[in-house]
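What follows is a set of notes on a single structure, which appears directly below.
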Amino acid sequence: MELNYNIIEFAITVEVIIIVLIIISSYVLTAIIYVREQANKKAQKDIKTYLRKQVLANQSFSVERFPRKWKKMHLLFPVIEELNKFYSNDSSWEPIAKGLMTTVMLPLARKYAHSRIWIYRFYACKTFESVAEKKDADAIFRLTNDSVPLVYIHSIKAAIQCCSEKAVKNIISRMAETSWITQSVCSEFFKNAPTEVQNMIENVLLTSKEEGMREVAYDLMRQFHPKDLKLDVTEDVNSDNIELRIAALKYITHVNKDKALPFLIKALEDKWWKLKVVALHRLSLMDASGAIKAIAACLDDPGWAVRNSAAEALKALGPEGEKELRARAIELDDMPFKAKDRLSKMLW
Amino acid sequence: MLMNAVIYINWFILCYFVLLAAGYIFLLINSLKDVFMRYMEIKVDNTTSMTKVLKIPAVTVMMAAFNEEDNIIEAVESVLNSDYTNTHLLIVNDGSTDNTLELLINKYKLYKTSSSFVAKRVKIQSEVKGVYLSHSYSNITVIDKTHYDKSDSLNVALDACRTPLFVTVDADSIIEPETISEMVLYLLTQPHIVAVGGSVYILNDCKVKDGKIIKASMPYSYLLGMQACEYLRSFIFARSGWNSLGGALSFSGTMTLLETEEIVELGGFDLHNDAYDFEIVTRLHARKIECEVPYQIGYTSAASAWTDVPATFKTYWNQRVNWQVGTMRSLLLHKKMLFNPKYGLTGFFTYPFFLFGDALAPVVEFVAYLMLIISWSLGILDGYGALLLFVTCLGFITLLTMANFLISLVSYNKYQRIRDIPWVFCLSVIELFGFHQYNVICRVVGTIRYFFVKRPSLSSVGSA
């Protein structure tokens, strides 16, 4: 076999052409990016000046007088956010901001909610977060299916603002596929959500059989005021799915601590260490003097996390719990115990 | 017969490099989607919007410091300048013989606590001498211990870590203010992410003040410039190209975000291994696949760190030899993954690529140089063909470097000076005339050292 010189020479030629194109593109793109950035900066500066004049003159916002060339989401949104921060204590900015959002941004958001460019969908979500109406429910539902994560995360707030059941159910379904960290972060959106949203989440528990969704729904219900559910939670507490069991157990404790006590004590005998740790943590947060013996038995658990949680729970239960703890670990003295406790709190 | 053997070996080497080139082109094309997303993302200040609306999880920044009196304060300041509001900084002083600890104590008003440190979750080899807290900064903790190695220091920090996430940052590196936010945002917004890596750039020749990069600059010396080109290639396409294939097997220990409980369950970092970052990510891959748990190991080029690299050939040699030893160890500890159907795409593509295409490529290249000499001495060397192949390789490396520089320019805007473009071009052309060969020799020596120096097994890592 011999080398085919033609192929190699052709490859070299292609490489040289590509390299030259890359060098030319580098210069051209640098120039384009620079020019575009300068144009955007100038436009945003002009918008800021215009709006500040309105605030100073205490004028109301008029969409007819607002220049058409500025009606672009990527120009307006950063300016609105900056002025929100700047005028956070100034009441004269609020009506102008509201006017701008409802008469300029909201129509733009509706127009670009289905745009192929994800940044416009992102701005649409952010607009819907503040000023969504019932008729935007369908657009928001589509955004909750967005493949771009940032758009999806902001669509959660928009869905809550709009109180769209379809969107909320879709969000729960998607959250079920994410990690526990993402779930716990996204569930914070549901704090201070209207009661209507709580009813929607309860409907998911009543109708959905999917374990992941049920687990997320229980966790979301804990963001609201405790409410007795129409369904029997016992089935989920005894489920084979450990995450669902934990979520159901946490919810029962959230609703009624006294009713939850027998479930928590039963969980201490479970084979899953995670369930025991959760039960021990919940017991440490309530008056569980009746469970001290059961908690003390966990000090002999083979798992370090369970033993540690049992010790923390006994300590939290006051003098009776500490007495039980010292009876098991007589070499403990106060100083390192308290210092470790203080260090642990600081490290959190 | 000797001549036939030489000819067959030459053809094998040629096919090997053609396949390797095809692999790199595939990764480059695969990375373009992430690059395009990033190009769009930089128009939006998404980290600020995230930190405003989300309750962000706490992150511990872990720094292992051994004789870092020249750099430690800048590194710590860069972490304190972070726009991520929920961070805790855990510095482990690995028995430094210089003034590292004293500098930290004076600068951050540290005081020694009376608490004793007992490792509960991860096995550590050294003795902890003291734990320091700060009067001025409630989120700084310094742990002073006897010297062992960097992995052991990180294991101490891992045991002390109480947050769900942690980031390892080198004590001679600077992170950008939005680095942690970008990594956490990536983790929160992609399903099943367990680890996130970021980009690393060269800090030498950049202007730094109070932990901030005042002026980023492509280094203008030969050795530093060569390393800058290497880093451009490694961190831009070679990492993001793996995102859609389950994730790369290695990230830089300069800056990686990991879930605390995942790493504690794995038993912590591998000791006596300079490529501990490589090994932990590979181990994470293996564990997740074995447990049949959906996972993803991601890379976001939006998160950046700047690190000091060797400025002399001697220190470069030491670094690369140790890295190669660590890379070989990290890969061969998990050789069960090689072409094992149980490990899916990782076993059939990712792992073999890293083993044969990255770790063993210098050995093949060294053999190629030897074969060149043997072919010439046997009189079978086709001079024109060899020259053409050399020019092709030169063109390919230049193309890759320039493509990555273009990507960096358009999307991440780190090197902004117009004269950097021709400078990177010159560096990529002259790389094959000496520097690359020096790199190959370093790595071959590292490979030989791996096979002839006894190292402890992975059983030295484990739970406490």
Side-chain angles (χ1 to χ4, degrees), chain A residues 1-3 5 8-9 11-12 14-16 18-19 22-23 25-27 29-30 33 40 74 77-78 81 117-119 122-123 126 129 148-150 152-154 157 174 177-182 184-189 191 304-305 308 335-336 338-348, chain B residues 11 37 40-41 43-46 49-50 53-58 60 88 90 113-116 120-121 131 133 138 141 160-165 185 187-194 259 382 384-385 388-389 391-392 395-396 398-399 402-403 405-406 409-410 413 416 418 421-422 425 463-464:
Chain A
M1 277 198 293
E2 284 188 1
L3 281 176
Y5 292 161
I8 301 173
E9 283 161 2
I12 293 171
V14 168
E15 281 173 355
V16 169
I18 293 174
I19 289 167
I22 286 173
I23 293 173
S25 309
S26 303
Y27 280 108
L29 283 167
T30 310
I33 289 168
N40 282 344
H74 68 279
F77 221 101
E81 289 200 328
I117 301 170
W118 78 265
I119 279 185
F122 168 72
Y123 284 133
K126 292 202 76 170
E129 274 176 41
V148 176
L150 203 56
Y152 158 65
I153 278 197
H154 284 277
K157 258 199 135 184
R174 277 194 77 169
E177 293 164 14
T178 57
S179 70
W180 68 270
I181 290 181
T182 311
S184 59
V185 166
C186 291
S187 63
E188 288 287 318
F189 282 132
K191 259 186 192 158
W304 174 82
N308 190 53
M335 190 65 103
K338 281 180 182 163
K340 182 187 174 296
D341 188 40
R342 194 171 62 236
L343 186 62
S344 293
K345 283 192 178 101
M346 280 177 165
L347 287 173
W348 265 113
Chain B
W11 274 108
M37 279 293 291
M40 301 298 280
E41 273 174 14
K43 293 185 183 187
V44 177
D45 186 10
N46 49 350
S49 68
M50 175 193 81
V53 301
L54 300 178
K55 184 188 170 195
I56 47 182
T60 297
H88 302 266
L90 195 50
T113 65
S114 53
S115 58
S116 56
K120 293 273 188 199
R121 304 189 291 169
V131 178
L133 298 174
S138 58
T141 305
C161 178
R162 294 291 180 266
T163 57
L165 301 171
L185 177 65
L187 180 133
L188 291 178
T189 55
Q190 305 286 336
H192 312 302
I193 288 271
V194 293
E259 267 196 60
D382 175 3
Y384 183 60
L388 278 183
L389 286 172
V391 173
T392 312
F396 186 71
T398 308
L399 193 155
M402 291 308 296
F405 185 80
L406 174 65
L409 198 73
V410 168
N413 244 351
Q416 297 176 353
I418 298 295
I421 299 169
F425 174 72
S463 299

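By convention in this document, chain letters (A, B, ...) are assigned in the order of the sequence lines, proteins followed by strands, and residues within each chain are numbered from 1.
- Both the backbone and the side chain of B:Leu187 come within less than 4.5 Å of a heavy atom in chain A.
- For the atom pair A:Ile12 CD1 and B:Thr392 OG1, the distance stands at 3.5 Å (nearest 0.5 Å).
- Across all their heavy atoms, A:Ile23 and B:Met402 have their closest contact at CG1-CE, 3.7 Å.
- Taking CD1 of A:Ile19 as the start and CZ of B:Phe425 as the end, the distance is 6.0 Å to the nearest 0.5 Å.
- In this structure, the portions of A:Tyr27 lying under 4.5 Å from any heavy atom of chain B include both its backbone and its side chain.
- Pairing each heavy atom of B:Tyr384 with each of A:Glu9, the nearest pair is OH-OE2, 2.6 Å.
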